[in-house]
> 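First the structure, which I've put down as structure tokens, then a few questions once you've had a look.
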Amino acid sequence: MFAARASGLVKLLGLCLTAGVLLAAMVFPFVGGLGLASNRAADEVDKTSGDLAKAELPLVTTITDMNGDPIAYLYDQYRIPLASADISDTMKLAILAIEDKRFYDHRGVDWQGIARAAAKAGVDGGATQGASTLTQQYVKNYMAFVLGADNEQEAWEKATEATIGRKMREARIALQLEQQTSKEDILTGYLNIVPLGNQTYGVGAAAKAYFNTTADKLTVPQAALLAAIANRPSSLNPGASPDKALERRNIVIDKMRENGAFGTDQAEAQKKAEEFKAAPLGVVDDLQILPKGCVGAGDGPIYGFFCSYLLDYLRESGITNKELQRGGLTIRTTMDPKATKAAKQAAEQQVPKTQNGISNVMSVVEPGKDKHRVRALVASRDYGNKAELGQVARPVPAEVLPFGPGSVNKVFTAAAALEKGVIGIDKEIQVPATYYSKVYPNGGAPWKVENAGKYNDKMSLTQALATSPNTGFVILQEKTGLDSVVDMAYRLGMRETLQGVNRSGEPLKEDKSNGPSQGDWTKQNNAGSYTLGPGATSVLELANVAATIVSGGTWCPPSPVEKVLDRHGKELPLKEKPCEQAVNTDLANSLAQGMSHDTVGSGTAAAAASSSGWNRPTIAKTGTTEEHKSVAFLAATPQYAGAVMTYADGNHPEVICANPIRLCPGASQGVFGGQVAAPTWFNAMKAIHEGLPVAPLPPAAVRYK
């Protein structure tokens, strides 16, 4: 008995102190001097109460495809913000019954509640409930979950610390908030911010997650459960601790009855309460939590590569992680779901998703003079974190891969030679069976270059682009100059590939300590093999090269985003690189004509085009690396550009063989670009072009013939 009374006296003293603190808070910061510290405290109070009145809470960011259909969501706090009218009266009655039944009688601080709690503590050592209003709880939650965004746990501890300073600040903000906004807005704000467990914040998200319903349709048992776990979701988690959650829910129902929520007839109210308490928790077996990030959303295994590239692009364009995770943005992307699914199907058709050690990736870009829209980024493998299922969680169709495109790089040699007047598309180049280059020595001796097949001694540049003799392009690169060829590749689109990574394809550090860049290394080491394409490559940049060519020589960054809107619908500016005229239009059109024979006649992609039923005018170039560990295909029509790379993606890359696709270590000859990469492109693009008119390629200019 003595111990209980002593405990009660201690609580009484504590509550008296609390009451004194809160009284001081009413005139804070004028008590205790008018110094700088006091002014700063007042400024903080004013700012916090002002922010609370506006209620700018962390919201979910929605990423959509080009049609506006959601493809992914980003958030730190799953919240569905609601207006007061969208929250049932039942929910409001439940939260007020258990948290603050005198909510409509006080002005932010409940003096009567404090006195009652003090008296109860002094008499029988009872609990001190009633000393904190719902308005104060709203302030506390705001401090933790809005202002404490970077570390919620630390912010929560700070927002609930038992110090006079914290109590004064919280009470003063609560008092000021009630002067600035209505009771209904405060109640709604609280119900929108309160943590309710399982990543949910606010009753909108919790109603969806726990009951697969909306907050305006919550029943008494459902509303009582949400009120029960408010602010204590860890200890009262209905999944982990259903008995405790049920017990607390029923306490809420009893409180609702006591407060008249079920009518004035006591017998009838008691009967209803007992019926409500007998109801099960009713939580759905599969919680309806909004999928988060690029892995979990909808068709994440397909769309995840695009989503991942998009996030990297947005960060580079000035959108911060905080804005992405908490800003409630709507990001409308350029992703075409039809093109993406067609490309994914085509990639898997050639290389199964679980194929050991081999991956097949494709990028699709829509050409244009004002924007190059990325329409699809796919891989034969699924996007995800389950490596045992062959999944990968990197934007491999967009990033620089440590594999080469092979003879696709001959396009850059041809373009540079045309620009310098070394050759025209109809003029002949020398194609010896073997060539010893003295311009690009190999260990002090001339570099021996051989062709992969038999060719005539001479052929036009157009025929050479279609049939791809090695010796002819090495000679052409000598005449043009390696630096000019590398610079042309950069201008047409290989920008990150040449200046963003080193020779191994590793991103350059800020201090360039792991440099030089691949482009600089190629020039510094006079690497004549550049035209044969052995180095690291971005498949997206290859696709964008094709887009540049069929856009009349206009380069634009491969953009995955149409617009970004903030939570109020205002468009946010992006720091995107401007489009530029990479080469003159006559040169681009002439190069397009020069590349137009690869899909017909004796072209290296002709068989793949024929077997797929492809018959549109197309610029194209196949590529195969010397060791057959990667092959590529770059091609475009005036409507769509794309590139494909098939590469050995295991820890120990080996030769790839076709028919069937497989690793074949030690084989002297493996797969070619026309066998796997080209069929992927044609099968995808046939579906993507369905319904579009056949568009001709522009004519070549006389000066480049």
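Side-chain atoms are counted along with the backbone in the values below, which use heavy atoms only and exclude waters and symmetry mates.
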> Walk me through whether Val351 and Val676 qualify under side chain to side chain contact (heavy atoms under 4.5 Å, CB included).
CA-CA 8 Å; Val351 181; Val676 178; 4.1 Å; yes
> Would you kindly say whether Asp511 and Ser513 are connected by a side-chain donor-acceptor distance under 3.5 Å?
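A donor-acceptor contact under 3.5 Å links the two side chains.
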> Could you tell me whether a side-chain N or O of Ser611 sits under 3.5 Å from a main-chain N or O of Ala608, the two making a donor and an acceptor?
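It does hold such a pair.
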> Contact between Pro516 and Asn502 at the side-chain level, heavy atoms closer than 4.5 Å - yes or no?
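Answer no - side chains too far apart.
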> Can you confirm whether Ile656 sits close enough to Leu663 that some side-chain heavy atom of one is under 4.5 Å from a side-chain heavy atom of the other?
yes
> Can you confirm whether Thr646 sits close enough to Ser359 that some side-chain heavy atom of one is under 4.5 Å from a side-chain heavy atom of the other?
no
> Tell me the closest heavy-atom pair linking Ala648 and Glu654, and the distance in Å.
CB-O, 3.6 Å
> Hey, are Glu562 and Thr334 close enough side-chain-wise for a donor-acceptor pair under 3.5 Å?
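Per modelled atom types, Thr334 and Glu562 side chains form no pair under 3.5 Å.
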> Taking the side chain as everything from C-beta on, heavy atoms only, tell me whether Phe305 gets closer than 4.5 Å to Val392.
yes
> For residues Phe682 and Phe633, establish whether the separation of their ring centroids is below 6.0 Å.
yes
> Tell me whether Arg375 is salt-bridged to Glu366, with the criterion being a basic N under 4.0 Å from an acidic carboxylate O.
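Looking at Glu366 together with Arg375, the answer is yes, because their closest N to O distance falls below 4.0 Å.
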> Hey, is Arg79 close enough to Glu56 for a salt bridge, meaning N to O under 4.0 Å?
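A salt bridge is absent here (no side-chain N lies under 4.0 Å from a carboxylate O).
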> Is there a donor-acceptor contact under 3.5 Å from the side chain of Thr497 to the main chain of Ser538?
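Judged by distance alone, yes, a pair lies under 3.5 Å.
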> Please report the interatomic distance CD1(Ile63) to CG(Leu310), rounded to the nearest 0.5 Å.
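The distance works out to 5.0 Å.
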> Are any of the side-chain heavy atoms of Ile688 and Lys338 separated by less than 4.5 Å?
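Sidechains of Lys338 and Ile688: no contact.
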> Are the side chain of Thr624 and the backbone N or O of Val631 linked by a donor-acceptor pair below 3.5 Å?
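No: the side chain of Thr624 does not pair with the backbone of Val631.
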> Is the backbone N or O of Gly197 less than 3.5 Å from a side-chain atom of Gln199, with the two atoms forming a donor-acceptor pair by type?
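It does not hold such a pair.
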> Nearest heavy-atom pair of Ser529 and Pro534: which atoms, and what distance?
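What the structure gives for the nearest pair is O-CD, 3.1 Å.
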> Does His568, at its NE2 atom, have more than 12 non-hydrogen atoms belonging to other residues, nucleotides or ligands within less than 6.0 Å?
yes
> Keeping Trp681 on the side-chain end and Gly642 on the backbone end, is there a donor-acceptor pair under 3.5 Å?
yes
> Going by an N to O cut-off under 4.0 Å, is there a salt bridge joining Arg491 and Glu580?
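No, Arg491 and Glu580 are not salt-bridged.
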> Are the charged groups of Lys575 and Glu316 less than 4.0 angstrom apart, N to O?
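Between Glu316 and Lys575 there is no salt bridge, as every charged N stays at least 4.0 Å from the carboxylate O atoms.
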> With a cut-off of 6.0 Å (strictly less than), are more than 12 heavy atoms of other residues, nucleotides or ligands near CD of Gln345?
no
> Might you work through the side chain to side chain contact (heavy atoms under 4.5 Å, CB included) test for Leu324 and Ile331, ending with a clear yes or no?
CA-CA 9 Å; Leu324 290 171; Ile331 302 168; 3.8 Å; yes
> Any ion pair linking Glu399 and Arg394 (charged N to carboxylate O, less than 4.0 Å)?
yes
> How close do Asn544 and Pro557 get, heavy atom to heavy atom, and via which atoms?
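It is ND2-C, 4.4 Å.
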> Quick one: do Asp382 and Lys344 make a salt bridge, cutoff under 4.0 Å?
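Yes, Asp382 and Lys344 are salt-bridged.
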> Measuring centre to centre across the rings, with the benzene-like ring taken for any Trp, is Tyr303 within less than 6.0 Å of Tyr383?
no
> Val411 versus Leu591: any side-chain heavy-atom pair under 4.5 Å?
yes
> Would you say the side-chain atoms of Asn683 and Ser612 include a donor-acceptor pair closer than 3.5 Å?
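Not at all, the side chains of Asn683 and Ser612 share no donor-acceptor pair under 3.5 Å.
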> With side chain to side chain contact (heavy atoms under 4.5 Å, CB included) as the criterion, how do Val501 and Val400 come out once you've worked through the C-alpha distance, each side chain's angles and the decisive distance to 0.1 Å?
CA-CA 8 Å; Val501 302; Val400 180; 3.9 Å; yes
> Can we say Arg381 and Asp649 salt-bridge, meaning some charged N sits less than 4.0 Å from an Asp/Glu carboxylate O?
yes
> Does Glu496 offer a backbone N or O that forms a donor-acceptor pair with the side chain of Glu541 under 3.5 Å?
yes
> Check the side chains of Thr554 and Gln581 for a donor-acceptor pair under 3.5 angstrom, ignoring hydrogens and angles.
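Short answer, yes.
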> Is Thr548 reaching over with its side chain to a backbone N or O of Leu492, donor-acceptor style, under 3.5 angstrom?
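Yes, Thr548 side chain to Leu492 backbone: donor-acceptor pair under 3.5 Å.
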> Kindly compute the distance separating CG (Leu692) from OG1 (Thr637), expressed to the nearest 0.5 Å.
8.0 Å
> Using a 3.5 Å distance criterion without hydrogens, assess whether the side chain of Asp566 forms a donor-acceptor pair with backbone atoms of Gly569.
yes
> Hey, are Gln355 and Ser380 close enough side-chain-wise for a donor-acceptor pair under 3.5 Å?
no
> Ignoring hydrogens and geometry beyond distance, is a side-chain donor-acceptor pair present between Thr333 and Asp65 at under 3.5 Å?
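Distance-only check fails for Thr333 and Asp65.
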> Where do Tyr530 and Asn409 come nearest, in terms of heavy atoms and distance?
O-ND2, 2.9 Å
> What distance do Leu634 atom CG and Met595 atom CE have between them, rounded to the nearest 0.5 Å?
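With rounding to 0.5 Å, CG (Leu634) is 5.0 Å from CE (Met595).
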> How close do Pro291 and Tyr73 get, counting heavy atoms only, and between which atoms?
O-CB, 3.4 Å
> I'd like to know if Lys386 and Glu388 make a salt bridge, using a cut-off of under 4.0 Å between side-chain N and carboxylate O.
no
> Name the orientation class of the two ring planes belonging to Tyr640 and His689 (parallel below 30°, tilted from 30 to 60°, perpendicular beyond 60°).
perpendicular
> Judged by atom type as modelled, is there a donor-acceptor pair below 3.5 Å linking the side chain of Thr330 to the main-chain atoms of Gly328?
no
> Judged by atom type as modelled, is there a donor-acceptor pair below 3.5 Å linking the side chain of Ser559 to the main-chain atoms of Val561?
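Looks like yes, one N/O pair under 3.5 Å.
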> Would Met66 and Arg373 count as a side chain to side chain contact (heavy atoms under 4.5 Å, CB included) here? Give the steps.
CA-CA 10 Å; Met66 61 182 285; Arg373 292 169 170 84; over 6 Å; no
> Please indicate whether Glu626 has more than 12 foreign heavy atoms, meaning atoms of other residues, nucleotides or ligands, lying under 6.0 Å from its CD.
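Not buried by this count: 12 neighbours or fewer within 6.0 Å.
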> Find the distance between CD (Gln675) and NE2 (His628) and round it off to the nearest 0.5 Å.
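Interatomic distance, Gln675 CD to His628 NE2, rounded to 0.5 Å: 9.5 Å.
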> Is the shortest side-chain N to carboxylate O distance from Lys523 to Asp520 below 4.0 Å?
no
> Strictly under 6.0 Å, is that where the ring centroids of Tyr75 and Tyr78 end up?
yes
> Are Asp76 and Pro58 side-chain neighbours, meaning at least one heavy-atom pair lies under 4.5 Å?
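A side-chain contact under 4.5 Å is absent here.
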> Within a reach of under 6.0 Å around CD of Gln524, are more than 12 heavy atoms found that belong to other residues, nucleotides or ligands?
yes
> Where do Lys410 and Ser407 land on the side chain to side chain donor-acceptor pair (under 3.5 Å) test, with the steps shown first?
CA-CA 5 Å; Lys410 292 170 181 173; Ser407 294; 2.9 Å; yes
> Tell me whether Asp598 is salt-bridged to Lys621, with the criterion being a basic N under 4.0 Å from an acidic carboxylate O.
no
> Any side-chain donor paired with an acceptor under 3.5 Å for Tyr210 and Asn198?
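Yes - a donor-acceptor pair under 3.5 Å links their side chains.
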> Would Ser517 and Trp521 count as having a side-chain donor-acceptor pair, cut-off 3.5 Å?
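No, no side-chain donor-acceptor pair sits under 3.5 Å.
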> Might you point out which heavy atoms bring Val365 and Ala543 nearest each other, and give the distance in Å?
CG2-CB, 4.0 Å
> Check this for me: Asn356, atom CG, are more than 12 non-hydrogen atoms of other residues, nucleotides or ligands nearer than 6.0 Å?
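No - once you tally the heavy atoms of other residues, nucleotides and ligands closer than 6.0 Å, there are 12 at most.
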